[in-house]
Novice: 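Before anything else, here's the structure in question.
Lettering of chains follows the sequences in order, A, B, ..., and the numbering in each one begins at 1.
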2 protein chains.
Amino acid sequence: MSQVDLRIIKTKEALHTALLTLLKNKPLESISISEICRCAKINRGTFYLHYSQVGDLFEEYFREMMEDLANSYQEPYRHVVKIKTSELDPSTIRIFHHIEKYKEFYRIVFSKNVPLTYYYLLFEETKRLFTEDAKEHFHVVEGIDPNFYASYQANAILGMIIQWYNDGFQQKASVLNEQLVKILNLK
Amino acid sequence: MSQVDLRIIKTKEALHTALLTLLKNKPLESISISEICRCAKINRGTFYLHYSQVGDLFEEYFREMMEDLANSYQEPYRHVVKIKTSELDPSTIRIFHHIEKYKEFYRIVFSKNVPLTYYYLLFEETKRLFTEDAKEHFHVVEGIDPNFYASYQANAILGMIIQWYNDGFQQKASVLNEQLVKILNLK
DNA sequence: AATTTTATTGAACATCTGTACAATAAATAT
DNA sequence: ATATTTATTGTACAGATGTTCAATAAAATT
């Protein structure tokens with residue numbers, strides 16, 4: 001006895017495949033629900049039984065991607081929080097490599113006509129990973145709200161990634177790592 | 001002889017007013033072009049003569065807002081770039097006050113179903129203001145790409161604002177200023 | 001294997017979208 | 001004031017959206 005009805009699994013798989021197929025030829029914003037359903041050979045009403053927007057389908061993928069990011073982080077950020085020292089090892093920061101690995105995907109996530117949802121998922125995950133690591137290696141500073149601090153740090157990294165995206169992801173991830181280390185050591 | 005045809009001015013005014021009226025009762029994403037046109041008593045075809053999405057109308061407002069942000073910045077960021085010193089004066093950082101002033105507006109800009117466009121406009125403006133000020137007070141550091149650095153700094157601030165937004169803009173702008181100063185002096 | 005539960009289907013409906021075009025009205029220019 | 005330019009209107013059309021409902025088919029349960 002399976003948790004989820006087999007029909008649901010099949011339907012979702014068909015919709016997933018259809019979305020990926022269509023994404024090869026046109027941007028997310030211009031893909032309609034009708035189009036996905038025609039491609040997946042699924043009744044349009046069935047789509048609404050599971051999702052309410054095209055973006056909901058995309059979000060399912062994105063959440064899996066966030067797991068990959070979390071895995072990339074096993075050791076990672078640990079050293080970044082030692083911001084006062086110069087002992088930073090660029091190779092421990094994995095987020096840039098994660099983005100590089102899925103850059104075709106992130107071209108969608110960062111495109112301007114797409115809703116903020118995905119950006120926020122990335123932000124929250126980065127923040128969570130930072131916080132998790134910071135609480136081990138970073139003693140709370142008098143008067144600084146940990147939430148503001150984590151949001152500051154996490155979004156600063158995302159700022160570099162936005163810049164990277166605007167440059168068409170030209171540079172290698174290692175360059176971003178080096179830049180980050182230099183910026184952090186500046187202070 | 002005016003630059004722009006009077007009919008265009010009237011049409012745009014009517015559409016602007018209609019959008020603002022509708023925004024009092026429902027979120028941006030659920031306002032249709034048809035609805036705006038009915039409210040503005042403008043033919044729907046006329047809408048497409050000037051805009052192509054509801055968001056284009058909203059963007060017109062937002063660009064005016066960015067001018068207010070630029071004005072808030074006259075002196076501002078200047079001191080923030082002296083990140084190594086402790087001489088930071090919180091009252092010189094105006095962006096948080098700008099957000100506070102238009103917080104009802106920014107509740108829309110930061111809501112998750114809205115496209116990234118507005119976030120990017122805010123990001124670019126913050127980055128521009130930072131860069132403008134930085135080139136006067138900050139000598140370029142060997143090996144640091146000014147673009148990555150500006151993107152890092154600008155988006156870090158926006159990270160704090162996202163956190164603020166998630167807290168429902170509860171704190172006063174001055175609290176954000178103080179937090180930022182403490183974070184900058186940390187390093 | 002028979003029964004029960006539930007996901008999917010197809011059809012229909014009002015509304016919205018994006019586009020086109022001729023008719024009209026309101027600006028600007030002479 | 002008249003002529004010219006151009007923005008707006010009304011109408012129409014094919015396709016998309018979001019929802020509802022009874023009929024059907026495919027699972028899970030006994």
Side-chain angles (χ1 to χ4, degrees), chain A residues 1-61 108 111-118, chain B residues 1-61 108 111-118:
Chain A
M1 128 193 143
S2 59
Q3 284 281 33
V4 190
D5 195 309
L6 288 177
R7 289 168 293 183
I8 295 178
I9 294 172
K10 285 179 198 164
T11 296
K12 289 196 167 191
E13 269 176 10
L15 291 171
H16 284 158
T17 311
L19 179 60
L20 279 191
T21 305
L22 294 171
L23 272 174
K24 283 172 189 153
N25 298 314
K26 49 165 72 182
L28 185 62
E29 324 89 70
S30 66
I31 297 174
S32 70
I33 292 172
S34 301
E35 205 169 4
I36 294 171
C37 294
R38 270 196 304 275
C39 179
K41 290 173 183 60
I42 294 294
N43 189 277
R44 195 165 56 86
T46 307
F47 178 95
Y48 287 103
L49 252 31
H50 304 290
Y51 310 97
S52 69
Q53 299 176 346
V54 175
D56 296 347
L57 240 183
F58 187 79
E59 190 172 322
E60 273 193 347
Y61 279 114
I108 299 170
S111 64
K112 72 183 176 68
N113 292 316
V114 140
L116 271 167
T117 325
Y118 318 121
Chain B
M1 124 191 148
S2 59
Q3 285 280 33
V4 191
D5 194 309
L6 288 177
R7 290 167 293 185
I8 295 178
I9 295 173
K10 285 178 197 167
T11 296
K12 288 197 166 190
E13 269 176 8
L15 291 171
H16 283 159
T17 311
L19 178 60
L20 278 192
T21 305
L22 295 170
L23 273 174
K24 284 172 188 155
N25 298 312
K26 50 164 72 182
L28 185 62
E29 323 89 70
S30 66
I31 297 176
S32 70
I33 292 173
S34 302
E35 205 170 3
I36 294 172
C37 294
R38 270 196 304 273
C39 179
K41 290 171 183 62
I42 294 294
N43 190 279
R44 194 166 56 86
T46 307
F47 179 95
Y48 287 103
L49 251 32
H50 303 290
Y51 310 98
S52 69
Q53 299 177 346
V54 176
D56 296 347
L57 239 183
F58 187 80
E59 190 171 323
E60 271 193 348
Y61 279 115
I108 299 170
S111 63
K112 72 183 175 66
N113 292 316
V114 140
L116 270 168
T117 325
Y118 317 121

Novice: Answer yes or no: is there a side-chain heavy-atom contact under 4.5 Å between B/Val114 and B/Phe58?
Specialist: no
Novice: Going by the side-chain hydrogen bond (donor to acceptor under 3.5 Å, both in side chains) test, which pairs reach into residues 32-43 of chain B, not counting sequence neighbours?
Specialist: B/Lys26-B/Glu35
Novice: Any side-chain heavy atom of B/Leu28 sitting closer than 4.5 Å to one from B/Asn113?
Specialist: no
Novice: Quickly work out the A/Leu15 CG to C/dA7 C1' distance and round it to whole Å.
Specialist: 13 Å
Novice: Measure CG/B/Asp5 against C1'/D/dA7 and give the value in whole Å, please.
Specialist: 6 Å
Novice: Tell me the interatomic distance from A/Phe47, atom CZ, to D/dT19, atom P, rounded to whole angstroms.
Specialist: 12 Å
Novice: Please report the distance, rounded to the nearest Å, between OH in B/Tyr51 and C1' in D/dA7.
Specialist: 14 Å
Novice: Side chains of A/Glu29 and B/Pro115: closer than 4.5 Å at any heavy-atom pair?
Specialist: no
Novice: Mind jotting down which residue pairs meet the side-chain hydrogen bond (donor to acceptor under 3.5 Å, both in side chains) criterion with at least one end in residues 9-24 of chain B? Sequence neighbours excluded, please.
Specialist: B/Lys12-B/Glu60, B/His16-B/Glu60
Novice: Just by distance, do the side chain of A/Asn25 and the backbone of A/Leu22 share a donor-acceptor pair under 3.5 Å?
Specialist: no
Novice: Where along nucleotides 8-18 of chain C does protein come under 4.0 Å, by heavy atom, of base (B) or sugar-phosphate alone (S), with - for untouched nucleotides?
Specialist: BBB-----SBB
